[in-house]
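Chain letters run A, B, ... following the sequence lines, proteins first, then strands; residues in each count from 1. Computed from a prediction, not measured in an experiment: that's the story for all the values here.
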Protein chains: 2
Amino acid sequence: MSVRTLCLAILNFEDATGYEIRKQSTEGKYRYFFDASYGSIYPTLARLEAEGLVTVREEAQSGKPARKVYSITPAGRAAFIAALSEPVARDTFRSPFLLVAMCADQVGPGAVRNAIDARLGYLREELGLMETMQGECPNEATRFILDYGRTCVAHDIAFLESNRARLEEIATGPTKDLPQAAE
Amino acid sequence: MSVRTLCLAILNFEDATGYEIRKQSTEGKYRYFFDASYGSIYPTLARLEAEGLVTVREEAQSGKPARKVYSITPAGRAAFIAALSEPVARDTFRSPFLLVAMCADQVGPGAVRNAIDARLGYLREELGLMETMQGECPNEATRFILDYGRTCVAHDIAFLESNRARLEEIATGPTKDLPQAAE
DNA sequence: ATCTTGATATATCGGTTCGATATATTGATG
DNA sequence: CATCAATATATCGAACCGATATATCAAGAT
């Protein structure tokens, strides 16, 4: 799934600047399943324009730098729908946390505990954001995605809370005869 | 999280070729949280060797091309542990399926149904693989990861089975007065 | 016999993307 | 004053992707 398709998706809903596209992919409803950097968005928009799939107009605004607002063309809409109608690729997922978990015995208990706490921290924050966004959600498709995500994150949190001790024990090492030093 | 760290992780467990590292990242225990392409693995190994973090020896073998077996150095081990002890980055996740879901009303019911079926297909397959791998799993950390993944995938499947109708309805459009054509 | 396929292996290409950074403008804060 | 944040555009070098190429052999199909 490419940044190209994401840009077309966002522009298909409404005109946007590169900055707004980036903002939506990190803070808006797209954030749950995509993220794209400036380094990819701007070159992608330039290519889409060169191919006639989007047009751009410049808007001056007082107090801020000028904006370049991108609009999708009919050819762009067609390309977007075509892209969506292809067989759907699998999700991609990478988890530095799980790499730490796999190597827990080498990392040590402190770092593992920190990693678990940090993870729970951002998962809880995410859950809160999802619940907030859902409260103001006008659109059934977005609601579906938020439900999906919310229940997954809630599950994630529950698993971690129930099982963190296992991981911490691996990180600490086999049961020792000596009492643990006071921390 | 980089392919670099993944290569060091795999080599920290045991010597491996580029081909084996790729195999482990797509089929072995690392597959649940990382995937890396040949296009990144080979250049990464070359860089790691140039930096003295791994060494390579060539092994002839009859009936097959010669292998280049990589081993981690003590400096490589230290770099690996250091990398793991950094603050852990968040998971990254991309889902073409969820983009299709968000645009369901434009994609149409056939494509949405296909996407759901395909997704359920590979999730079920994944679940089966996890259960198999867990049955033969000697290592507690790996068992933790498989439990984590298994329960997430099971949840994913359950959600999709319970809620697919919602998505299909969005894709079909608002309730129509006309009866649906027979398919 | 030949051809195709699959497995084990190494490797690279052009294109895309990342993460960091630069620049510009303004307003708010220390 | 300097710093930070927000709104904006843009680019760099490095990393990575997806596809492909090459090599060797064995097994199966024609």
Subject >> A:Y19 side chain near D:dT9 phosphate (N/O to OP1/OP2, under 4.0 Å) >> reply: no
Subject >> Note: A:R164-A:E168 ion pair, threshold 4.0 Å (strictly below) >> reply: yes
**OP:** Please say which of B:V88, B:I145, B:T5 ends up in a side-chain contact (heavy atoms from CB on, under 4.5 Å) with A:L99.
**Re:** B:T5
**OP:** Select base, sugar-phosphate, or nothing to describe what A:G18 touches, counting heavy atoms under 4.0 Å on all strands.
**Re:** sugar-phosphate
Original post:
Taking CG from A:L48 and P from C:dT17, how many angstroms apart are they, rounded to a whole number?
Top reply: 10 Å
Original post:
Which nucleotide in the set C:dC18, C:dT17, D:dA10 lies at the smallest distance from any side-chain heavy atom of A:A36?
Top reply: C:dC18
Subject >> Nearest-angstrom distance from the residue atom CG of B:L45 to P of D:dC16 >> reply: 11 Å
Subject >> Minimum-distance nucleotide (side-chain atoms of A:K68 versus C:dT17, D:dA10, D:dA8) >> reply: D:dA10
Original post:
Phosphate oxygens OP1/OP2 of C:dT17: is one of them under 4.0 Å from a side-chain N or O of A:S37?
Top reply: no
Subject >> B:S40 side-chain proximity, nearest of C:dC18, D:dT9, D:dC16 >> reply: D:dC16
**OP:** Provide, to the nearest angstrom, the distance between the CZ atom belonging to A:R67 and the P atom belonging to D:dA8.
**Re:** 5 Å
Original post:
Tell me: CD of A:E58 to P of C:dA24, nearest whole Å?
Top reply: 15 Å
Subject >> A:R22 vs C:dC18: side-chain N/O to OP1/OP2 distance below 4.0 Å >> reply: no
Original post:
Would you call A:E51 and A:R4 a salt bridge, taking side-chain N to carboxylate O under 4.0 Å as the test?
Top reply: yes
Subject >> Integer-rounded Å distance: C:dT16 P and A:L6 CG >> reply: 16 Å
Original post:
A:T17 or B:Y38: which one's nearest nucleotide on DNA chain D is closer to the 5' end?
Top reply: A:T17
Original post:
So is A:R166 actually on top of B:F144's ring, under 6.0 Å and inside 45° of the axis?
Top reply: no
Original post:
Which listed nucleotide (D:dA8, D:dC16, C:dT17) is nearest to the side chain of A:T44?
Top reply: C:dT17
Subject >> Integer-rounded Å distance: C:dG19 P and B:E86 CD >> reply: 15 Å
**OP:** Select one nucleotide: of C:dC18, D:dC16, D:dT9, the one nearest the side-chain heavy atoms of B:R94.
**Re:** C:dC18
Original post:
Quick one: A:I21 CD1 to C:dT17 C1', roughly how many Å, whole number?
Top reply: 16 Å
**OP:** Give the nucleotide from the list D:dG18, D:dT7, C:dT16 with an atom nearest to the side chain of A:K23.
**Re:** D:dT7
Original post:
Atom OH of A:Y70 to atom C1' of D:dA10: distance rounded to whole Å?
Top reply: 10 Å
Original post:
D:dT9, D:dC16, D:dT11: which one has an atom nearest the side-chain heavy atoms of A:P43?
Top reply: D:dT11
Subject >> Candidates C:dG19, D:dC16, C:dT16 - which lies nearest the side chain of A:R47 >> reply: C:dT16
Original post:
Can a salt bridge be assigned to the pair A:E126 and A:R124 using a cut-off of 4.0 Å between side-chain N and carboxylate O?
Top reply: no
**OP:** Would you confirm whether B:T73, through its side chain, and B:L53, through its main-chain N or O, come within 3.5 Å as a donor-acceptor pair?
**Re:** yes
